[in-house]
4 protein chains.
Amino acid sequence: MTNSVAAERTQKLYDAAVQQFLSRGYYDVDVAHIAAAAGVSHGTFYNYYSNKRAVLHAIQQTTEDAMVKAFSGLRSASAPTTRDEFIDEFTARIGSGMTFMNRHAELMRFVAVTAVGVDADAMDKALVGYERLGGTITEFLAFGRERGWVHADIDLTLAGQAVISVVVTALQPVLLEEAVDFDAAAAAKACATYLLSGLRRPKNSD
Amino acid sequence: MTNSVAAERTQKLYDAAVQQFLSRGYYDVDVAHIAAAAGVSHGTFYNYYSNKRAVLHAIQQTTEDAMVKAFSGLRSASAPTTRDEFIDEFTARIGSGMTFMNRHAELMRFVAVTAVGVDADAMDKALVGYERLGGTITEFLAFGRERGWVHADIDLTLAGQAVISVVVTALQPVLLEEAVDFDAAAAAKACATYLLSGLRRPKNSD
Amino acid sequence: MTNSVAAERTQKLYDAAVQQFLSRGYYDVDVAHIAAAAGVSHGTFYNYYSNKRAVLHAIQQTTEDAMVKAFSGLRSASAPTTRDEFIDEFTARIGSGMTFMNRHAELMRFVAVTAVGVDADAMDKALVGYERLGGTITEFLAFGRERGWVHADIDLTLAGQAVISVVVTALQPVLLEEAVDFDAAAAAKACATYLLSGLRRPKNSD
Amino acid sequence: MTNSVAAERTQKLYDAAVQQFLSRGYYDVDVAHIAAAAGVSHGTFYNYYSNKRAVLHAIQQTTEDAMVKAFSGLRSASAPTTRDEFIDEFTARIGSGMTFMNRHAELMRFVAVTAVGVDADAMDKALVGYERLGGTITEFLAFGRERGWVHADIDLTLAGQAVISVVVTALQPVLLEEAVDFDAAAAAKACATYLLSGLRRPKNSD
DNA sequence: AATGAATGAGTTTTCATTCAT
DNA sequence: CATGAATGAAAACTCATTCAT
């Protein structure tokens with residue numbers, strides 16, 4: 001398929017751009033670098049991305065999508081039916097998100113630090129993405145509240161953001177420093193527990 | 001005094017640069033913009049800063065110094081003599097730091113987000129500044145430990161950084177969103193309490 | 001061939017630069033002038049030369065090479081086998097060199113006068129080139145000495161330089177004034193005779 | 001006298017300019033350098049020279065005048081009355097000129113190499129000066145010819161230039177290299193002899 | 001006269017983007 | 001589609017010169 005060849009080439013350029021941006025920032029990389037790293041001429045770049053800015057946008061978008069997916073958990077289809085399943089799922093989502101972020105620490109650093117500083121649009125895009133990420137959690141919490149598993153008087157939007165904040169905070173050492181040993185599973189457990197003990201309605205007050 | 005005129009002009013350009021950088025980022029601002037905002041020609045800019053990069057450095061340095069000062073507390077000379085005074089001083093420092101950051105939220109966002117992404121040197125400068133800030137707290141905690149007011153088995157360097165992290169986290173809403181109502185005093189109290197309950201040696205174990 | 005197109009364009013820019021430099025000096029010519037004279041935009045210039053300084057270097061190098069070639073004679077392969085052939089060859093080389101310099105008097109003036117004053121590097125390059133040119137003669141004289149055709153007690157390095165000096169001196173009217181009638185062949189004969197009567201070992205002392 | 005203070009200051013700036021130009025060329029020196037080297041502010045420079053170009057012109061003019069003077073001999077007033085006196089005077093003038101040039105080798109290099117390359121006007125000024133210098137000799141030779149001491153069929157203008165050329169050639173090692181031992185008196189003698197044997201009418205043909 | 005702050009014309013250089021082949 | 005030569009807008013920076021003090 002011609003299409004898949006094109007897709008492949010697009011991906012190659014995407015990967016090259018990520019690699020270059022990660023190691024040299026946005027402004028110190030030019031289209032020729034990206035094209036060279038992808039093994040094509042710089043003219044070819046413009047057959048796949050309309051301009052340099054577009055590839056940054058793509059990276060932000062793709063990363064955002066992947067993060068949303070990571071925080072959305074695997075069992076999104078079959079919703080939890082009990083409070084315990086709900087809690088397990090919550091923990092799993094935190095764990096999945098943290099694992100993703102831990103695995104792609106450099107990419108995280110790029111989208112959270114470098115990309116954000118490129119221009120006002122990039123900053124906006126990042127903030128919207130941040131909110132969307134929180135929204136994922138908010139949605140899940142809302143599902144839990146409908147079933148009485150979550151305090152009724154919590155601002156769920158805020159709570160969603162807070163969850164992301166706590167996770168990001170827990171990952172700070174990984175994001176700021178180079179290669180640190182980090183037990184994502186343990187951290188996720190701790191985070192979840194911390195978050196839940198604050199969020200969930202005590203059983204006996206049912 | 002010739003000196004004060006020069007200082008005044010330098011300040012004018014500094015302020016103009018901050019203002020421009022905050023609203024348009026680093027790369028979307030050129031020297032002519034800064035000079036125009038300061039009411040001088042672009043050539044004049046170079047009589048006060050050797051180049052565009054130099055103002056950024058100055059902003060980072062000045063902000064770092066101001067933050068260090070804010071977190072250093074007022075009563076640095078007359079050191080606390082009792083555990084309670086120590087705790088009060090600790091709380092005061094957190095409060096002073098948070099108040100500063102809250103008051104200069106936009107500047108904080110610039111140095112923490114935009115500036116950091118400018119280039120590798122800016123990133124380094126920011127990380128070193130972050131460590132210096134933590135060091136301020138570390139020093140204070142070390143003073144407390146000598147007097148038995150702080151757990152003996154805590155890594156004080158790490159603890160210093162952690163305090164800054166917690167404060168930053170608490171301020172996240174202010175830093176990321178535009179103008180949010182924020183009760184710095186209350187937040188500081190909460191932070192301090194949280195941090196102290198983890199840091200301080202329980203009285204009964206004396 | 002892509003290569004030849006590039007070479008052609010490089011040559012076009014080279015020629016334009018020479019033309020501009022000859023008529024207006026180095027500092028009064030800017031890259032835009034050169035590009036315009038070559039019929040391309042100034043941006044294009046930088047696709048062929050990394051900067052303005054690089055063309056100057058190229059001109060120096062190319063001219064130096066051409067001069068070395070001119071002074072190297074045609075019969076370099078089949079070395080002279082008799083004293084008379086040696087003298088003929090020597091005379092031929094002087095003649096070839098002078099003819100070249102006479103034909104490119106303006107270029108000579110540029111590399112010897114204007115280029116030399118551009119900066120310290122240009123001066124160095126010129127001096128090294130001057131020595132290399134002398135070296136060409138030195139080499140030839142050394143060949144003659146091995147066969148007993150040249151005085152044994154002459155410093156050949158010095159002699160090589162001296163030959164060039166004498167030739168340049170003889171050409172001074174051409175180099176300093178605009179278009180002067182100049183009989184290169186006659187001048188070469190005179191120079192060679194003058195130089196040889198000093199250099200060659202008298203026959204009767206054999 | 002106010003005048004002499006001004007003259008002194010002008011001289012100071014002149015000397016500073018010469019010193020700077022000699023060591024760094026024309027274009028790498030800016031007015032601020034010259035002023036600083038003279039111990040005044042750069043604004044003051046413009047009270048003594050209308051612009052940077054003017055001081056170059058002054059250097060060329062002053063040097064030219066000094067050279068003309070050096071080649072004009074001491075006994076210009078009391079003209080030689082015999083052929084031998086004429087020859088002695090000729091030799092003395094060559095010697096005086098060479099001594100001057102040898103003593104100010106760096107300055108010579110500057111006016112002959114660096115200054116000449118500055119712009120078209122500087123080149124013209126140098127050529128005119130060169131001709132004027134030759135004219136000094138031409139004049140002297142004309143005086144000799146009137147008395148029958150110089151060949152009648154020599155082009156005296158050309159001869160004047162040639163004398164300067166020979167002298168410059170003889171000084172080439174001094175002008176091109178740094179500090180070389182150079183016996184100006186001996187060189188002058190040689191030059192004069194060489195020049196005279198070509199120029200003077202043989203005694204026996206009287 | 002001396003000063004030095006201010007100016008802005010002028011130059012170099014970069015690089016995203018276009019487009020003919 | 002791929003290529004890479006050409007383009008020119010844009011920006012940083014320099015420095016001779018002016019002029020108010």
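In this text, all values refer to a predicted model and were calculated from it rather than measured experimentally.
- Within 3.5 Å, no donor on the side chain of B/His42 pairs with an acceptor on the base of F/dA11, nor the reverse.
- Counting only heavy atoms from C-beta outward, the side chains of B/Phe45 and B/Val55 approach each other to under 4.5 Å.
- Across the protein-nucleic acid pair, C/His33 atom NE2 and E/dT11 atom P stand 7 Å apart, rounded to whole Å.
- A straight line from CG of C/Leu13 to C1' of F/dT7 spans 14 Å, rounded to a whole angstrom.
- B/Gln19 and B/Asp15 are not linked by any side-chain donor-acceptor pair at a separation below 3.5 angstrom, with hydrogens and angles left out of the test.
- Across the strands present, E/dC19 finds its partner in F/dG4; the criterion is a Watson-Crick or G-U wobble pair with both atom distances under 3.5 angstrom.
- For the pair B/Arg9/B/Thr44, a side-chain contact is recorded, criterion being any heavy-atom separation below 4.5 Å from C-beta on.
- Per the geometry, OH belonging to A/Tyr27 stands 16 Å off C1' belonging to F/dA12, to the nearest Å.
- Between C/Asp119 and the choices C/Arg53, C/Lys52, C/Lys125, the salt bridge (charged side-chain N to carboxylate O under 4.0 Å, His left out) rule is met once, by C/Arg53.
- When Watson-Crick and G-U wobble pairs are counted only if both distances are under 3.5 Å, E/dT11 pairs with F/dA12.
- Between C/Phe21 and C/Tyr26, the ring planes are tilted. Angles from 30° to 60° get that label.
- Inspection of the A/Asp65 and A/Gln61 side chains reveals an N or O donor paired with an N or O acceptor under 3.5 Å.
- Using a 4.0 Å cut-off on heavy atoms, the residues of residues 44-58 of chain C that approach DNA chain E are C/Tyr46, C/Asn51, C/Lys52, listed by number.
- Regarding A/Arg9, its CZ atom lies at a distance of 11 Å from the C1' atom of F/dT3, rounded to whole Å.
- Checking D/Gly43 against A/Asp30, the closest nucleotide of DNA chain E that is more toward the 5' end is the one next to D/Gly43.
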